[in-house]
Undergrad: 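Provided herewith is a single structure, encoded as structure tokens, for subsequent inquiry.
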Amino acid sequence: MSAHPRIRVTVVPSTLPGTVPGTVPGPVGAFEVQEEWEQAEIGWTLRLRVSYGGGEAVDASVLAEAVVADADDPWWLIPGAFYGENRPAGNARAFPRFEIGADSAEQQAALVSDAWEFRADRAATPAVFAWAGSGRGGLALAAAETSPLGLTGLGLAHDPATGDATLGIRFPYREYPVTYYGDARPRPADAATHRFEPDEVVELELRVFELEPSRHAYAPILRALHAESVPAAPLEPWVDVATAADLTADGLLTWHYDPDPGVLLETVGFDREVSGRDGLTVDRQAMHVGWVSGIPWAYALLAHGLRTARAEEVEAARRVIDFITASLSPSGTFWGVWYRDHGWTQSWTELKRGLHSRTLAEATLFLVRAQALTPHDQWEHAIRSNLDAVVRRQRADGNLGSVHHAETGEVLSWSGASGLTWIAALVEAAGRSGRYLRAALAAGRYYEQFVDREFLHGAPEDVDLAPTSEDGYAAVMAYVALHRATRDPRWLDVARRAADWMLTFRYSYDVTFPEHTLLGAYGFRSRGADNASPSNQHLHAYGLVCTGELRELSAALGDPHYAGRADETLACFRQFIAREDGDFNAYRGMVSERYYQTKCFQPKGMLLTLSHAWSVGVTLLACEQTLAG
């Protein structure tokens, strides 16, 4: 067996400060830790045998740590939960950020620290990676979500005095220095312990990996860990694909579609008797043009209606698209959001009169696809107007802008990677003008740097410049489209790397839910679901938006892995589609946006009791793509 990295194992009694290496002397008794190493196909398996020889019970945790020396510019990865510094310094939304030397109470109150520990269920794969930086490699540790001591913990820390980076697995978990609950207000640190009884022996297991200098070195490790977890996490969809398509189409038509004036309402409540403080329905009387409502999901309904010859679905989908394309902004693009009480206006961005690129581009992409199904002059005008406007604004380096002014067309922000969403729209509309493909190629070259850095960010309107799973979806769709159009192997490689990064957000295991919670009682299987982002820590189904592209990527690579991951996501979200009125307290065809897999926003095991147009629509879209072959 080749030499393995050194792992420091300590036992941390709750009655003593700090960590105590080896054995713990004194009145709390003594612990002995024995190590057994086994070389695996990738990395090593380390088994720990922890024996307690004290005369009285003691509460403690076991901490296994590895050190990456001389980490002058450390890069971190906790899949789905922490990426590099995690939150750019200029980001407007507060969530955990790493910063060298940040150890004051004031910084920690602002969710900034040079050391973080988290519950394992925040991670899509319970693992922590650390690279030294400056083109050097690093180490990674991984373990199961739970052990005989309870819920596992994942940690990272940097010591500015030595320059060392430390990564750790704690049995059971600790959240430190504060607990993130989904908003800017940090909650107190949370430390779980296990009560060791006299003569108790516990066996623990973790995985240890050495990392090549490339930040993409996580990919084969996560792929191997996923393959190992699959046998223990069977897929259990409630309905087949055709039934899921019929249910979600009915859900969109029955609950989200409002013919006056022709919109897909963004959210509708499960409980139809609940009202807000104003006495009005909790249904959100609003519609984005893309993203959380609008054209993409109208397109899915149109495709289903045409396939099944359901005229009412076709008519509803056309009315929604007609309503959106009839009211372009003065700058030539779509508007961002329609509100019942004041009509069309800007996106959710804080920039005044701003329209968000990802939302506009996604609407345009699916309008191109809708136009291919049922051509319409007004739709064609909207396609050309949007694409002509954004091509005129493209910067010389290829950047297509992130936020645009509704009236003047001025680009209000060039930051982040949300502009790459335009690439797929430009490619799929390329038959209309050679300028569109040229603009897409220039944009592909510009946004490739975000894939290279393993830090894509800025796609959703509501999390500013955070890294999110949605950035991954946009990148996969963009670079698969460029490869489709050019057959250039360069774009195929970028698409593969983008897909690997996107899949870091995808749960490779089934979270253990408390049995009396809704997700626990229904036996929800989380393998295939994505953590929305380190900022929005809940499971969601938006990854279904690139189901077709992942299958196309697999075919182009001759590698079934990406298609298989797409299939498991569709299987995952064929759970919790309401099969009849009253199913999990919802109405037939309703689909929730949020599944709470960790203690963030809501207790673990809860389900958001709102049906979202996009959640219903993206499930329908993936079903239609699957049925179309």
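The structure displayed is predicted, hence computed values, not measured ones.
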Undergrad: Is a side-chain donor or acceptor of Glu145 paired with a backbone partner of Val511 at a separation under 3.5 angstrom?
TA: no
Undergrad: Does atom CD of Gln449 have more than 12 heavy-atom neighbours from other groups under 6.0 Å away?
TA: yes
Undergrad: Any heavy-atom pair between the side chains of Leu550 and Tyr473 that's under 4.5 Å?
TA: no
Undergrad: Is any side-chain N of the basic residue among Glu568 and Arg565 closer than 4.0 Å to the acidic one's carboxylate O?
TA: yes
Undergrad: For the ring pair Phe196 and Phe31, is the centre-to-centre distance below 6.0 Å?
TA: yes
Undergrad: Would you say Val12 and Arg170 make side-chain contact, with heavy atoms under 4.5 Å?
TA: yes
Undergrad: Is there a side-chain contact between Asp114 and Pro160 in this structure, where contact means two heavy atoms from C-beta onward sitting under 4.5 Å apart?
TA: yes
Undergrad: Between Arg97 (side chain) and Arg87 (backbone), is there a donor-acceptor pair under 3.5 Å?
TA: yes
Undergrad: Taking 4.0 angstrom as the limit, do Arg223 and Asp559 come out as a salt bridge?
TA: yes
Undergrad: Is Asp471 close to Pro460 at the side-chain level, that is, under 4.5 Å between some pair of heavy atoms?
TA: yes
Undergrad: For Glu35, is there an ion pair with Arg47 - N to carboxylate O distance below 4.0 angstrom?
TA: no
Undergrad: Using modelled atom types only, decide if a donor and an acceptor are shared between the side chain of Ser113 and the backbone of Trp116 within a distance under 3.5 Å.
TA: no
Undergrad: Run the salt bridge (charged side-chain N to carboxylate O under 4.0 Å, His left out) test on Asp464 and Arg93 for me, step by step, so that the C-alpha distance in whole Å, both residues' side-chain angles and the decisive distance to 0.1 Å come before the verdict.
TA: CA-CA 7 Å; Asp464 194 35; Arg93 185 180 176 117; over 6 Å; no
Undergrad: Pick from Tyr218, Phe98, Phe82: which one makes a ring pair (Phe, Tyr, Trp, His ring centres under 6.0 Å) with Trp76?
TA: Phe98
Undergrad: Picking from Trp614, Phe573, Phe505, what satisfies ring pair (Phe, Tyr, Trp, His ring centres under 6.0 Å) with His540?
TA: Trp614
Undergrad: Against the six-membered ring of Tyr507, is Arg527 placed for a cation-pi contact (under 6.0 Å from the centre, within 45° of the normal)?
TA: no
Undergrad: How are the rings of Trp37 and Trp44 set relative to one another: parallel (under 30°), tilted (30 to 60°) or perpendicular (over 60°)?
TA: perpendicular
Undergrad: Here's one to test your reading of the geometry: is the NZ or CZ of Arg453 within 45 degrees of the ring axis of Phe450 and under 6.0 Å from its centre?
TA: yes
Undergrad: Under a 4.0 Å threshold between the charged nitrogen and the carboxylate oxygen, would Asp190 count as salt-bridged to Arg174?
TA: no
Undergrad: Looking at Arg195 and Glu197, is there a salt bridge between them, counting it only when a charged N and a carboxylate O are closer than 4.0 Å?
TA: no
Undergrad: Heavy atoms, side chains only, cut-off 4.5 Å: are Arg49 and Glu36 in contact?
TA: no
Undergrad: Donor-acceptor check, side chain of Thr45 to backbone of Arg207, threshold 3.5 angstrom: yes or no?
TA: no
Undergrad: When the aromatic ring centroids of Trp75 and Tyr83 are compared, is their separation below 6.0 Å?
TA: no
Undergrad: Just wondering, more than 12 heavy atoms not from Lys604 lying within 6.0 Å of its NZ?
TA: yes
Undergrad: What verdict does the salt bridge (charged side-chain N to carboxylate O under 4.0 Å, His left out) test give for Asp121 and Arg119, after you've listed the backbone C-alpha separation in whole Å, the side-chain angles of each residue and the deciding distance to 0.1 Å?
TA: CA-CA 6 Å; Asp121 54 14; Arg119 302 158 53 109; 2.7 Å; yes
Undergrad: Measure the shortest side-chain to side-chain distance between Val476 and Tyr562 over non-hydrogen atoms and say whether it is less than 4.5 angstrom.
TA: no
Undergrad: Tell me whether Ser413 contacts the main-chain N or O of Ser415 through its side chain, where contact means a donor paired with an acceptor under 3.5 Å.
TA: yes
Undergrad: What is the ring orientation for Tyr595 with Phe576, classed by angle as parallel under 30°, tilted 30 to 60°, or perpendicular over 60°?
TA: perpendicular
Undergrad: Has Asn91 got a side-chain atom pairing as donor or acceptor with Leu465's backbone, closer than 3.5 angstrom?
TA: yes
Undergrad: Do the charged groups of Glu470 and Arg358 touch, with an N to O distance under 4.0 Å?
TA: yes
Undergrad: Between Gln602 (side chain only) and Leu608 (backbone N and O only), is there a donor and an acceptor less than 3.5 Å apart?
TA: no
Undergrad: Salt-bridge test for Asp493 and Arg496: reply yes if a basic N is under 4.0 Å from a carboxylate O, no otherwise.
TA: yes
Undergrad: Apply salt bridge (charged side-chain N to carboxylate O under 4.0 Å, His left out) to Asp72 and Arg136, showing your working.
TA: CA-CA 10 Å; Asp72 57 340; Arg136 290 175 291 138; 3.0 Å; yes
Undergrad: Between Asp510 and Ser526, is there a donor-acceptor pair closer than 3.5 Å when you use the side chain of the first and the backbone of the second?
TA: yes
Undergrad: Counting distance only, does the side-chain N/O of His612 pair as donor-acceptor with the main-chain N or O of Val292 below 3.5 Å?
TA: no
Undergrad: Could you tell me whether a side-chain N or O of Asn531 sits under 3.5 Å from a main-chain N or O of His538, the two making a donor and an acceptor?
TA: yes
